[in-house]
Amino acid sequence: MIRNQIADLVAQSIKDAQSAGALPAFDLPAIEISRPKDTAKGDFTSTVAMQSAKPARMAPLAIAQAIAAHLPAADFIDAIEVAPPGFVNFRLSAAWLAGQVAEIEAAAGHYGDIDLGGGKSCQVEFISANPTGPLHMGSARNAMLGDALASVLAAAGWHIQREYYVNDAGTQMRTFAETLYRRYLQAFGQDAPLESHHYQGAYMTELAQEVKAEQSDRFLEMSAEDAISALSEIGLAKVLAWIRASAERLRIHFDHWYSERSLYASGGVFEHVITDLRARGLTEAKDGAEWLRTSAFGSDRDEVLVRSSGQPGYYASDVAYHYDKFVLRGFDRVIDVWAVDHQNQARRMPHLMKALGLEPTRLDIVLYDLVRLYRDGQEVKLSKRSGDIITVDEVVDEVGVDAVRFLLLTRSNQAVMDFDLNLAVQQNDENPVYYVQYAHARMASILRTATERGFSQTCVEQGNFDLLRHPGELALLRKIAELPEVIEKAALQLAPHGLAFYAMDLAGVFHAFYRDCRVISSIPTEAELSCARLRLVAGTKAVFARVLGLMGVNAPESM
RNA sequence: GCGCCUGUAGCUCAAUUGGAUAGAGUGUUGGCCUCCGGAGCCAAAGGUUUCGGGUUCGACUCCCGACAGGCGCACCA
């Protein structure tokens, strides 16, 4: 990455300045190169002179000047400027910027890829909503975040697997089956009222009707217990089919669906891990339950593995599941995307990792805040149990996949998000996703028009980008060249929202270029320039498609 | 009561994890289509970054204390 090359130059410059006696010997701080907010100041800036003032016992401005004076020449640097109180600013050369067009072409759809992961394996587990009802809008944020993170990390050099954890064990599943049983009885006119803890949503009634249509009255003959057990399986399969369909509709494809219940199969993962933990003396019997001694690993409390009832506790699933991920399946790294109401659980995960003898930093829990839905100015409370839900499918029907994906990615993870349904529906030309897609469609249109007017494919492919020296062209090239940094930041912070903002920026810069730089010219003497600009447009279009692709948003050829 | 998160333009949100004059979209006001898509562009207005201290060359960012909102504090999931 170009930023690292500049950092190397600065380091070399300081060494040279020291040998030349222009700078004293001192402990070098980590050299960080960043982008100034104000692009007029340069493409990159270093604050190393200010940071070195104390250890070098020298005025920061003087240090900055020494660095600038001793900086080795490099073809990608055009100018070095020093600004008080000690900034060293760098301006990229036009030749290097124009050369990025060739980089994009050579990268063939992978421009912006970086190598943070080094090909190591990383699992991203997301959504993982209880299979007791259709996906609602809270899950949609999880879905967007997880899917975009997976894409970004893949671009950053990780080998990615996407996984959905199916919570098909435990009391939620039991409650779901009981509800379905009662709705089924009701479908035959029997009196079987729901209780307050049951799932009140209308979809349960529909589910029961489906079962009745397909299976007739066969469950009426069985004992309640047998019927509930059978309905549990049938209902689970149906709900999972819904979830799978909704996910596919959102353009999310999971590589693997993992059953929580499978952890507890005879000879399964849970037996394996608890045997291991017992052997290592990490469990303890207390109050009739069996506890994992996480207090020995930094926690202020122990956790229940086996309840006094003999049933495994919830923490047991976390332990077994993550044992499976790291030890049995051997992922180098795992990312779990959880809603913020699991924050305490998240805090306990490092202790779990240590108890399993694993390095805690191999696991990241990405927390995101809730989505607050508004309709007609009123907050719509979401609760599967009360039945007051707004499903992902409903919103997608109204707003479209692209808008849902884009809007949900324009917020940083840990901030409550207000999603106004009325606004989202109305936002046809006001929605930022259309702004971004419009830019892409416009580029496609320019390329089409060029073909119609006789500009050859060769002209576009071999345009002389040394002709690109107009400020509008250079601004566009600068923005394009930022993509690797955008991907790096998103990957390091596990926060993909920067992609959306970058896409909007790029669209803005492109529109300015379009305004100031005539691409398809009918003036014969400008034919060569047209070819160069067409090549730039083609490259920009590819970068656009790349960013939108990482977000899972369509890049349309026309709208 | 304790813990975590959030508080930035009228509204929805950014801000390179301590850098230079805090930025976009939307809304408001005014302007721009006689060769490439006006779903676009340009300009104006809009701020004591909730409040009060502190740390240092420098704070939206870090520390302490208030205030407001969200979430969480089980052998639940």
Side-chain angles (χ1 to χ4, degrees), chain A residues 3 32-38 40-41 44-47 50-51 53-54 59-61 83-87 89 130 167 169-173 175 286-291 302-309 311-317 339-347 367 369-370 372 407 410-420 423 427-432 434-439 441-450 452-453 482 485-486 488-489 492-493 497-498 500-501 504-505 507-508 510-512 514-523 530 533-534 537 558-559:
Chain A
R3 205 177 50 203
E32 283 173 19
I33 306 294
S34 58
R35 288 197 177 260
K37 276 181 225 164
D38 182 1
K41 296 193 165 62
F44 291 97
T45 188
S46 171
T47 58
M50 272 118 66
Q51 287 161 357
K54 201 170 281 181
L61 200 59
F87 291 100
N89 298 328
N130 282 336
N167 293 96
T171 56
Q172 297 284 10
M173 210 52 225
T175 304
K286 192 169 59 183
D287 304 328
E290 184 168 5
W291 301 68
D302 292 335
E303 305 291 344
V304 171
L305 283 178
V306 184
R307 291 188 256 164
S308 51
S309 67
Q311 293 293 312
Y314 187 73
Y315 201 74
S317 290
V340 71
D341 56 334
H342 292 82
Q343 56 188 251
N344 278 344
Q345 186 189 352
R347 220 191 326 278
L367 295 178
D369 219 307
L370 306 173
R372 252 194 318 233
L407 284 174
T410 54
R411 270 74 176 171
S412 61
N413 309 348
Q414 292 219 34
V416 179
M417 185 174 126
D418 293 339
F419 195 97
D420 187 324
L423 198 68
Q427 269 183 347
N428 285 317
D429 51 344
E430 295 160 21
N431 193 314
Y434 294 100
Y435 175 72
V436 165
Q437 290 184 318
Y438 178 76
R442 187 181 240 182
M443 290 177 229
S445 170
I446 292 171
L447 294 171
R448 275 194 306 269
T449 306
E452 287 164 13
R453 297 198 187 172
E482 279 181 33
E485 294 160 53
V486 172
E488 180 188 65
K489 186 182 173 191
L492 289 176
Q493 299 184 185
H497 65 281
F501 289 92
M504 289 190 270
D505 271 1
F510 170 73
H511 286 307
Y514 177 83
R515 182 191 68 235
D516 296 334
C517 300
R518 179 80 211 174
V519 179
I520 302 171
S521 175
S522 53
I523 303 170
S530 281
R533 286 180 171 168
L534 283 168
V537 169
S558 66
M559 305 173 57

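Labels below follow one simple rule: chain letters A, B, ... track the order of the sequence lines, proteins then strands, and each chain is numbered from 1.
Heavy atoms of A:Tyr514 sit under 4.0 angstrom from at least one base atom. At a threshold of 4.0 angstrom between heavy atoms, the contacts of A:Ser309 with the nucleic acid are absent. A:Thr410 comes within contact range of the sugar-phosphate backbone alone, with a heavy-atom separation under 4.0 Å but no base atom that close. A:Val340 comes within 4.0 angstrom of sugar-phosphate atoms only, judged by non-hydrogen atoms across all strands, and of no base.
Of the P atoms belonging to B:rU8 and B:rU55, the separation is 27 Å, rounded to the nearest Å. Between B:rG3 and B:rG65, the distance separating the two P atoms is 9 Å to the nearest Å. As rounded to the nearest Å, B:rC41 and B:rC5 have P atoms that lie 38 Å from one another. Distance noted for atom C1' between B:rG31 and B:rU6: 40 Å (whole Å). Spacing between B:rG25 and B:rA39 at atom C1', rounded to whole Å, works out to 14 Å. Nucleotides B:rU56 and B:rC62 have their C1' atoms positioned 11 Å apart, rounded to a whole Å. Atom C1' of B:rU50 sits at a distance of 23 Å from the matching atom of B:rA24, rounded to the whole Å. Comparing B:rC36 with B:rU21, their P atoms are spaced 43 Å from each other, to the whole Å.
Residues satisfying the side-chain hydrogen bond (donor to acceptor under 3.5 Å, both in side chains) criterion with A:Asn89, sequence neighbours excluded, are A:Thr45. Looking at residues two or more places apart in sequence or on another chain, you find a side-chain hydrogen bond (donor to acceptor under 3.5 Å, both in side chains) between A:Arg347 and A:Asn344. Qualifying side-chain hydrogen bond (donor to acceptor under 3.5 Å, both in side chains) partners for A:Thr410, counting only residues two or more places apart in sequence or in other chains: none.
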Subject >> Protein-to-nucleotide contact annotation, 5' to 3' order, nucleotides 17-22 of chain B [B base; S sugar-phosphate only; - none; under 4.0 Å, heavy atom] >> reply: B-BB--
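Within the structure, a side-chain polar atom (N or O) of A:His497 is placed less than 4.0 Å from OP1 or OP2 of B:rA15. Close to B:rA14, at under 4.0 Å from its OP1 or OP2, lies a side-chain N or O of A:Ser412. Checking the phosphate oxygens (OP1, OP2) of B:rC36, no side-chain nitrogen or oxygen of A:Thr449 falls inside 4.0 Å. Between A:Tyr435 and B:rC41 there is a side-chain polar atom (N or O) within less than 4.0 angstrom of OP1 or OP2. Between A:Thr171 and B:rA77 there is a side-chain N or O to OP1 or OP2 distance below 4.0 Å. Residue A:Arg307 places at least one side-chain N or O closer than 4.0 Å to OP1 or OP2 of B:rC76.
For B:rC33, the base is syn relative to its sugar; the glycosidic angle is within 90° of 0.
A salt bridge does not link A:Arg3 to A:Glu32: none of the charged nitrogens lies less than 4.0 Å from a carboxylate oxygen. The existence of a salt bridge linking A:Arg35 and A:Glu485 is confirmed by a sub-4.0 Å separation between a basic side-chain nitrogen and an acidic carboxylate oxygen.
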Using atom names, set out every protein N or O paired with an N or O of nucleotides 42-45 of chain B below 3.5 Å, distance rounded to 0.1 Å.
none

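Going from atom CG of A:Asp369 over to atom P of B:rG7 covers 11 Å, rounded to whole Å. Rounded to an integer number of Å, the gap from A:Asp505 CG to B:rG23 C1' is 10 Å.
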**OP:** Report the secondary structure of RNA chain B in dot-bracket form, marking unpaired bases with a dot and bases paired to a different strand with |, and treating Watson-Crick or G-U pairs with both distances under 3.5 Å as paired.
**Re:** (((((((..((((.....[...)))).(((((.......))))).....(((((..]....))))))))))))....
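Of the candidate nucleotides B:rC75, B:rC4, B:rG37, B:rC75 has the atom lying nearest to any side-chain atom of A:Ala289.
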